[in-house]
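Written out below as structure tokens is the structure these notes cover.
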Amino acid sequence: MANNEDAFKKVVSHAKEYGFIFPSSEIYDGLGAVYDYGQLGTELKNNIKSYWWKSMVQYHENIVGIDSAIFMHPKIWKASGHVDAFNDPLIDNKDSKKRYRADVLIEDHIAKIEEKIEKEVEKARKRFGDAFDRDQFVHTNARVLEHQAKIDDITRRYSQCMNDNDLAGLRQLILDLEIVCPISGTRNWTEVRQFNLMFATQMGSVSEGSDTIYLRPETAQGIFVNFLNVQKSGRMKIPFGIAQIGKAFRNEIVARQFIFRMREFEQMEMQFFVRPGEELKWFEYWKAERLKWHLALGIPAENYRYHDHEKLAHYANAATDIEFRFPFGFKELEGIHSRTDFDLSRHSEFSGKKLQYFDSELGENYTPYVIETSIGVDRTFLAVFSHALKDETLEDGTTRTLLSLPPVLAPYKAAILPLVKKDGLPEKARAIFDSLKHDFMLQYDEKDAIGRRYRRQDAIGTPFCITVDNDTLDNDTVTVRERDTMQQERVAIDQLDSYLHRRIKPITID
RNA sequence: GCGAUAGUAGCUCAGUUGGCAGAGCGGCGGCUUCCCAAGCCGCAGGUCGCGGGUUCGAACCCCGUCUAUCGCUCCA
């Protein structure tokens, strides 16, 4: 474990030292769980997004991409369930240091009383045998009625507090009910605090009379509310998908683990609309398809695994995660969810617009079912980056720091290096640089000995080093050195373009 | 939010009776060098996280605060 922690620290410091990721607002002591992408990090991140976008939008005729606004009508978050579902009142027990949801504590308490009623009912059933009338019993038995009255009273106070957002009232209810912490057994509770998942801001230049607007907590809703626009304007036929890459914001209770869980993050989502009844078939299809996408990067399969959800969200009828072996253990990288027709139905209900599709083959209208694939850009970055970073001991006993990024994702595809800084080699190298720079992100470097320059490129993940020597001047060939193997081969300058293109392509997985 | 630990150069860290703020690596300029962190010369870079207090004097002691890491709940 100590080893993994060290490895993780190395990831964080390497990311900073070479310009991949900086803590946000660092000169002002930083801002919690917010990070900036530096000059190389931005390249890597853009390459991840582009790799995803191509594999989704460019390689699938029936998937198109959109870019919806971060600001959306507030009712969208009512419809999606985010306003209600992610407004948790939390309370801590000061003795056990355990945190609970205040509403759950109260609901559990109610459940306990309900159990007592059930016990009374069971006892009575045994006593009366076949003649037992449950309905009559629960409406007449004194003890049951007493319990039921308690439940009704609690429920009344509870729902009033929840509706009025009365946090002090919730706490008082917990105290009045003498609810104790299951761990410490004490009633030493903190105040109830509200944790709202969504960031709120105002739309309108003056605060009074302006509406509260939320920064979107997921990009998916921007796709659902544009379902009809895209389907009609793009003449899309089911099954089809809508993809989107964009920022999302969540006010996490605990934001941790570097860029793994940030308050501002970026998602790559695709919502695939299918015929009702065919959703599980497509769920299986995308589950397999998405894993292939990861494997095509060349990271060994043992670093990935599926994690099927036992407990499903209210809108889903199947869900799985693709987990990755991060330095701190297997964690979710991507989610694939069968979201049923929940979102489109809810938006139909809340907007009053009929979000349906006329299937000409079936000759009928229906609300499509949805398969969602949702992957975190920043998590993919962290997965790829942390897996790529290694300290290698070479045969001669020296070590090198190597960032073996998949070539398709590497910030620089090649470095152009004159072997020495004289004899016209820099000029020749510059000419090669200029001839390739329109097709590839390149770095030119003539400072220091060649070995040192190779190691510098290793540390930032440049897959190829193109070295110009005296022979280059005679026969127009260069040495190409491959990062991971350190093998060199001689390549003609006019072949460089196709050489690089061929080797930078991701692997095809069937 | 609670607890534990930490914060000194870009990175890793040293720095005790409290007395001039340092090293290694890295970076930059130059010399040398025809292939894997070679060598030589020179240079830059720090309000010791921040704010108070104690003291003749604080990186060091005290208080507060911020940030990060690890544990407890939610999630991409």
Side-chain angles (χ1 to χ4, degrees), chain A residues 1-2 5-6 8-10 12-19 22-34 85-86 88 90-101 104 183 190-193 195 197 217-220 248-263 265-269 313 321-323 328 331-337 372-380 382 394-396 398-401 417-423 425 447-459 465 467-472 478-479 481 483 486-488:
Chain A
M1 195 62 209
E5 262 175 47
D6 286 351
F8 188 44
K9 274 173 79 175
K10 188 89 204 295
V12 176
S13 65
H14 194 85
K16 184 183 173 194
E17 185 167 8
Y18 289 93
F22 309 123
S24 162
S25 319
E26 196 186 9
I27 62 172
Y28 290 101
D29 275 339
L31 185 63
V34 185
F86 294 97
D88 301 338
L90 299 181
I91 190 167
D92 292 312
N93 182 272
K94 291 179 186 170
D95 298 309
S96 65
K97 309 292 182 196
K98 284 279 181 183
R99 165 167 299 166
Y100 301 91
R101 281 176 51 177
V104 170
I183 307 291
T190 62
E191 296 301 309
V192 176
R193 290 176 311 273
F195 280 87
L197 173 92
E218 64 173 24
T219 52
F249 305 84
R250 289 184 194 176
N251 213 349
E252 299 289 346
I253 302 166
V254 178
R256 274 284 167 74
Q257 275 148 340
F258 196 37
I259 57 170
F260 184 79
R261 182 173 292 116
M262 295 194 290
R263 298 213 158 89
F265 62 103
E266 199 157 10
Q267 293 182 308
M268 302 187 283
E269 291 196 320
D321 295 337
I322 294 175
E323 295 188 333
F328 38 83
K331 290 278 162 94
E332 179 179 1
L333 176 60
E334 172 156 10
I336 297 131
H337 293 228
E372 168 188 271
T373 73
S374 173
I375 173 171
V377 177
D378 313 277
R379 286 185 178 185
T380 307
L382 184 58
L394 305 177
E395 285 177 11
D396 62 1
T398 60
T399 60
R400 65 165 180 164
T401 299
L417 315 169
L419 190 56
V420 293
K421 200 169 38 175
K422 60 178 186 185
D423 302 338
L425 298 188
K447 164 81 179 158
D448 295 316
I450 191 69
R452 182 183 290 260
R453 280 179 276 164
Y454 286 152
R455 299 301 170 89
R456 262 205 290 267
Q457 296 302 327
D458 290 341
C465 286
T467 306
V468 174
D469 56 23
N470 272 324
D471 292 345
T472 309
V478 291
T479 305
R481 177 236 190 217
R483 177 193 63 203
M486 297 192 288
Q487 298 290 312
Q488 302 186 350

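No experiment lies behind these values; they were computed from the predicted model shown. Chain A is the first sequence line, chain B the second, and so forth, proteins listed ahead of strands; every chain is numbered from 1. Computed from heavy atoms alone, side chains included, the values below leave out hydrogens, waters and symmetry copies.
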Checklist entry - Out of B/C35, B/A76, B/A37, which has the shortest distance to the side chain of A/R261? => result B/A76
Checklist entry - Picking from B/C36, B/A76, B/G29, which would you name as closest to the side chain of A/Q267? => result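 The closest nucleotide is B/A76.
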Hey, does [X] reach any base, or is it just sugar-phosphate, or nothing, if we go heavy atoms under 4.0 Å?
X      : value
A/I375 : nothing
A/R453 : nothing
A/L417 : nothing
A/K16  : sugar-phosphate
A/E269 : nothing
A/R452 : sugar-phosphate

Measuring only the [atom1] atom in each nucleotide, how far is [N] from [M]? A whole number of Å is fine.
N     : M     : atom1 : value
B/G57 : B/G39 : P     : 47 Å
B/A23 : B/G46 : P     : 15 Å
B/G24 : B/A14 : P     : 16 Å

Checklist entry - Between A/E26 and A/D458, which has a closest nucleotide on RNA chain B that is more 5'? => result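 Nearest-nucleotide comparison on RNA chain B picks A/E26.
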Next on the checklist: Go nucleotide by nucleotide along RNA chain B from the 5' end; which of A/D378 and A/I450 gets its closest nucleotide reached first?
Outcome noted: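 That would be A/I450.
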Checklist entry - Is the aromatic ring of A/F265 within stacking range of B/A76, meaning centres under 5.5 angstrom and planes under 30 degrees? => result yes
Checklist entry - Under the 3.5 Å rule, do the base of B/C11 and the side chain of A/S13 count as making a donor-acceptor pair? => result no
Checklist entry - With no angle test and no hydrogens, is the base of B/C75 tied to the side chain of A/R379 by a donor-acceptor pair under 3.5 Å? => result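 Pair found.
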Kindly say if [X] contacts the phosphate of [N], meaning a side-chain N or O under 4.0 Å from OP1 or OP2.
X      : N     : value
A/R456 : B/G27 : yes
A/K422 : B/U33 : yes
A/K9   : B/U69 : no

Checklist entry - When you look for runs of 3 or more Watson-Crick or G-U pairs in a row, both distances below 3.5 Å, which of them include RNA chain B? => result B:1-7 with B:66-72, B:10-13 with B:22-25, B:27-31 with B:39-43, B:49-53 with B:61-65
Item to check | Candidate list A/R400, A/R483, A/R453, test side chain to side chain donor-acceptor pair (under 3.5 Å), partner A/D458, passing option | outcome: A/R400
